[in-house]
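Report on one structure; see the data block that follows.
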Amino acid sequence: MKSLNLVKVVYVLLVVFLLCVMVSCHQRGKLGDGQPSSVNWSDSSFKRLQQLRYFYNNNLHDSLYRQVPLDMAFHMKCEQWECYYYTWWILVNDLTFSGHADGALEEVNRMHEDATKRDNSYGIAVAEDAMGLAYAFQSNYIEAAKCYQQALKAYPQDADMTLLNSIFMDYSTALRHLKDYQTMDSVQQQWKVFLNTKAAVIPQHDKSALYANWHFKHHAARFDYYFCLEDYAQAAAELDSAQHYQLLSGGSKLGNLRILGNRAKLYLAQKEYEQALAACDELVEKNKEAKEFSYELRQLDLRWEILEGLGRYEDALAVHKRYKLLSDSVNKANNAEQLNELNKRFEIDELKAEQERTTLREIIMVSSLILLGLIIIIFFRHRAAKRLEQKNQELIIANARAEESLKMKTNFIQQISHEIRTPLNILSGFAQIVTTPNMELDEEARQNVNHQILENTDRITGLVNKMLELSDANSRTIIELKDDVSAMQIASEAVTVTGIESAGHLSFEVLPETGIENVMLHTNQGAAVRALSLILDNARKFTAPAEAYGHEVSVEQKQRASLRLHANGNAVQFIVEDTGIGVPAEEAEHIFDEFVQLDEYYDGTGIGLTVARSIARRLGGDIILDTSYTDGARFVMSLPLS
């Protein structure tokens, strides 16, 4: 009993000491900078913001991600709310332009909730603008325009006006994409009033360059408006005004590139091809210093159209090929950069966690030197360490699964990119052939072009439909059971949809059991047919080595597949068997996961079985792989009778 009481006393002393150490550390954290109470927090926040802008403008993503949480904590402590929300806005924009759309939307929702909770109008306006940019980056200009409109309404009159100018510009761009020219004109007129009134109150020493830059952006937007209306004379006047203010603002590299690009576009629209070509050449020279891939792609795109206008078709074709190669290389580089940045963010989070663990260890070490009861405490900590080790093992397993999932998604993105790019390149090539002036095609060639265009259009449409089905499968929405249909009719429609009976490499047959013709199901006919057709597609594809590896298949080498219908208690089983490559027993559940492909030589995206099982389960049934069958693969889809 005395020993137990001693343990309790020592434990209480340790807890009290740890609390004292943590309080002391907390006080040092609050006062350790040694700054007096008279510090000008506004200037300090502004300097931090300037440094963050430098990271943002120079694409120093790693430095930006490390700095943002530190700066936001500082601004919150000093109650510099405009700097606080503007810092958050920079983070969201960097995530958006880096291609991390999900992360950007997650952050902007948190920002909006935070600003609403604080009833901060500036924060709400900034969040709406950031959300509009995220939508615009996904080409959802309808939602983007709504966000920009809300941002203008919420923007406080006494706040810094730099961001307000950007909101006007982004709103105008979204309306241009929507071809809502009437609203676009109204917004730009409102923008002009802002420039002539509210913008005039900025300090005189900041006025020249900043004010000129705002006017440059306004006139550049007005150029877009008149260009869309095909009022080229007024568009040229606005472009001249934009160039005037660009020079007054100091002549930024991107501003110069924008003016040259618009100048070339204007010449092209007016069919002044020689002047357009000269503007393109100047754009190339200016971009050698700026090194902006987007403008390099833009001048190649313009040059291709200009050379076609001049009748220099061979040169135009060469430029188009260069454009395609550069576009593909930029996309690959962007994908690699996005993955690297994502990994860096995980490393940063791990570094912060390690710093916190290090601090905790230091506190424990200090306390162990002072207290004599360390040996007794070790016993209790030993048991905790056991539990921690178990948790760590679980985390290691979870991390391995997450890495595997990320790898599968990366492979899926690459596969989708290939699946889309191939038919698009074919369509682009045939479009050039068909639209080339004086190009004559005989009837056989014309029919071949027509067949290829229809086939590749259907290929893209089918891929998009599969992606939509995957999205619906993940939603877990209930499918309405509205049809009374026979099991044979479901089987017949699925066979017809897949065309498996006419597959040249395959011998296929339907084997209904006796009496199955009279069995009726209360289900959703379309969904049931779709689920069964996906399994039949699987059987057709994985019994086709000729399609996968390029071999010829003789009649004697034909594979076999069958669809058997069997009534089992309160359910009907649709059993699809084939003599293809089969599935290892240990992969029986794994193959139903998203993006899983066990053999990379076969075409596909790895989502067919995922969608099929999701549909079957939402109909009250299921799909399983029968691992007892070893001559290929046997999938069993069960649907309830009622």
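All of these numbers come straight from a predicted model, not from anything done at the bench.
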Taking all non-hydrogen atoms of both residues, which atom of [X] and which atom of [Y] are closest, and how far apart?
| X | Y | result |
| --- | --- | --- |
| L105 | A134 | CD2-CB, 3.8 Å |
| C147 | M131 | SG-CG, 3.9 Å |
| F194 | N165 | CE2-OD1, 3.8 Å |
| A220 | A242 | N-CB, 4.0 Å |
| F46 | C83 | N-SG, 4.5 Å |
| A144 | A136 | CB-N, 3.8 Å |

- prompt: So does L70 have more than 12 non-hydrogen atoms from other groups sitting under 6.0 Å from CG?
  reply: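 Above 12, so yes.
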
task: Step through the shown structure and confirm whether more than 12 heavy atoms of other residues, nucleotides or ligands are within 6.0 Å of OH on Y54.
output: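 Check fails, neighbour count at 12 or below.
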
- request: Start with the C-alpha gap between L91 and Y65, add the side-chain angles, then the distance that decides, and say whether side chain to side chain contact (heavy atoms under 4.5 Å, CB included) holds.
  value: CA-CA 7 Å; L91 172 63; Y65 295 147; 3.7 Å; yes

Is there side-chain contact between [X] and [Y], with at least one heavy-atom pair below 4.5 Å?
| X | Y | value |
| --- | --- | --- |
| Q234 | E238 | yes |
| K192 | V187 | no |
| L152 | L164 | yes |
| H61 | R66 | no |
| V126 | W88 | no |
| Q447 | E444 | no |
| I167 | Q149 | no |
| L52 | Y86 | no |

Gap separating the [atom1] atom of [X] from the [atom2] atom of [Y], nearest 0.5 angstrom:
| X | Y | atom1 | atom2 | result |
| --- | --- | --- | --- | --- |
| F223 | I259 | CZ | CD1 | 10.5 Å |
| N109 | D114 | CG | CG | 12.5 Å |
| I453 | N450 | CD1 | CG | 6.5 Å |

Answer yes if the ring centres of [X] and [Y] are under 6.0 angstrom apart, and no otherwise.
| X | Y | result |
| --- | --- | --- |
| Y85 | Y122 | no |
| Y84 | H75 | no |
| Y135 | Y141 | no |

Under 3.5 Å, which donor-acceptor pairs link side chains of residues 171-181 to any protein atom two or more places apart or in another chain?
{"unit_1": "S172", "atom_1": "OG", "unit_2": "Q188", "atom_2": "NE2", "d": "2.7"}
{"unit_1": "T173", "atom_1": "OG1", "unit_2": "M169", "atom_2": "O", "d": "3.0"}
{"unit_1": "D180", "atom_1": "OD1", "unit_2": "T183", "atom_2": "N", "d": "3.3"}
{"unit_1": "D180", "atom_1": "OD1", "unit_2": "T183", "atom_2": "OG1", "d": "3.0"}
{"unit_1": "D180", "atom_1": "OD2", "unit_2": "T183", "atom_2": "OG1", "d": "2.8"}

Residue pairs passing the side-chain hydrogen bond (donor to acceptor under 3.5 Å, both in side chains) test where at least one lies in residues 266-277, sequence neighbours excluded: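 Of all non-adjacent pairs touching residues 266-277, none passes side-chain hydrogen bond (donor to acceptor under 3.5 Å, both in side chains).
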
task: Before giving the answer on salt bridge (Lys or Arg N to Asp or Glu O under 4.0 Å), spell out for R110 and E107 the whole-Å C-alpha distance, their side-chain angles and the decisive distance to 0.1 Å.
output: CA-CA 5 Å; R110 288 177 54 210; E107 286 293 338; 3.1 Å; yes

message: I'd like to know if the side chain of Y148 and the backbone of L133 have a donor-acceptor N/O pair within less than 3.5 Å.
response: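 Flag set: sc Y148 to bb L133 pair under 3.5 Å.
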
task: List the steps and the verdict of salt bridge (Lys or Arg N to Asp or Glu O under 4.0 Å) for K47 and D71.
output: CA-CA 10 Å; K47 289 178 182 178; D71 285 357; over 6 Å; no

- request: Would you tell me whether Q50 and R53 have side-chain atoms, one donor and one acceptor, within less than 3.5 Å of each other?
  value: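 Q50 vs R53: donor-acceptor pair found between side chains.
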
message: Going by ring pair (Phe, Tyr, Trp, His ring centres under 6.0 Å), H219 matches just one of W191, Y245, Y226. Which one?
response: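 The ring pair (Phe, Tyr, Trp, His ring centres under 6.0 Å) with H219 is passed solely by Y245 among W191, Y245, Y226.
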
- request: Please lay out, stage by stage, how R263 and Q243 fare under the test side chain to side chain donor-acceptor pair (under 3.5 Å).
  value: CA-CA 10 Å; R263 188 78 68 186; Q243 187 169 11; 2.8 Å; yes

